[in-house]
Amino acid sequence: MATRQVRIIGDEILRKASKPVKEVTPRIKDLIADMFETMYESNGVGLAAPQVGILKQIVVLDVDDGNQYVLINPQIMETDGSQTGYEGCLSVPGKSGIVTRPSWVKVRAYDEEMQPFELEGEELLARAICHECDHLHGGLYVDLVEGELVDTDSLEEDEDEE
Ligand code: ZN
C-alpha cells in the first residue's frame, strides 16, 4: 500500500466524469487499498478515485461507525430529509462550507467481488455518500455551498473532510 497524491481544486480531472468499473483487477484492489491509506493519512471520512487522479467510479468511506465501505459504480436510489452543516473536502484543503444534503440515502453499489449490495446511511454517512458520489460526476461541494467558504481552522471543532 502507498498513499497517493490528492488532486486539488483547479485540477481539471476533478471536473471529469468517471467511468464504471467492469472488473475488479488486482490493480483496482491496490488502488482501493491506497485510497483507504490516503484517506486515513489525511483524516478524511471518504475519498473518490478521481481525487487521486483515476477516473473510475470507486468510493471509499469510513465515518468512524466501525465499517469500511467500498462502493463501486454507486447509484443513489432514494433520499429523504435534509441536513445543513459544514462540509470539507481533501481536494479543497483547509476550507469548509455549509451544504444542505439529504439526511438519509439509499445507495446501490458493487463490492470488491463485484457483488451488488445496498447501503442505507443517515447523517454523516448520508452526507459522505452524496459528497463522494458527486466526485464521480465531476461535482465538488463548493458548487453547492451556501454562503462563503471559511477556514476550517476558524471553526470550533475539527470538521471531517471527504
Ligand atoms: Zn471531496
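Count residues from 1 along the sequence. For ligands, and for the atoms within them, numbers begin at 1 and follow the listed sequence. All values reported here derive from a predicted model rather than from experimental measurement.
- Side-chain contact check for Glu132 and Tyr69: no donor-acceptor pair (N or O, by modelled atom type) lies under 3.5 Å.
- Salt bridge status for Arg101 with Asp134: present, with a side-chain N to carboxylate O gap under 4.0 Å.
- Taking the side chain as every heavy atom from C-beta outward, Asp111 and Ile72 never approach each other to under 4.5 Å.
- Judged purely by distance below 3.5 Å, without hydrogens or angles, the side chains of Ser91 and Gln51 pair a donor atom with an acceptor atom.
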Would you give me the side-chain donor-acceptor pairs under 3.5 Å for residues 28-36, sequence neighbours excluded?
{"unit_1": "Asp34", "atom_1": "OD1", "unit_2": "Ala2", "atom_2": "N", "d": "2.8"}
{"unit_1": "Asp34", "atom_1": "OD2", "unit_2": "Arg4", "atom_2": "NE", "d": "2.8"}
{"unit_1": "Asp34", "atom_1": "OD2", "unit_2": "Arg4", "atom_2": "NH2", "d": "2.8"}

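- Side-chain atoms of Thr100 and Gln83 form no donor-acceptor pair, as typed in the model, at a separation below 3.5 Å.
- For the Zn ion (ligand 1), protein N, O or S atoms closer than 2.8 Å were enumerated as Cys89 SG, His131 NE2, His135 NE2, Glu162 O, with waters left out.
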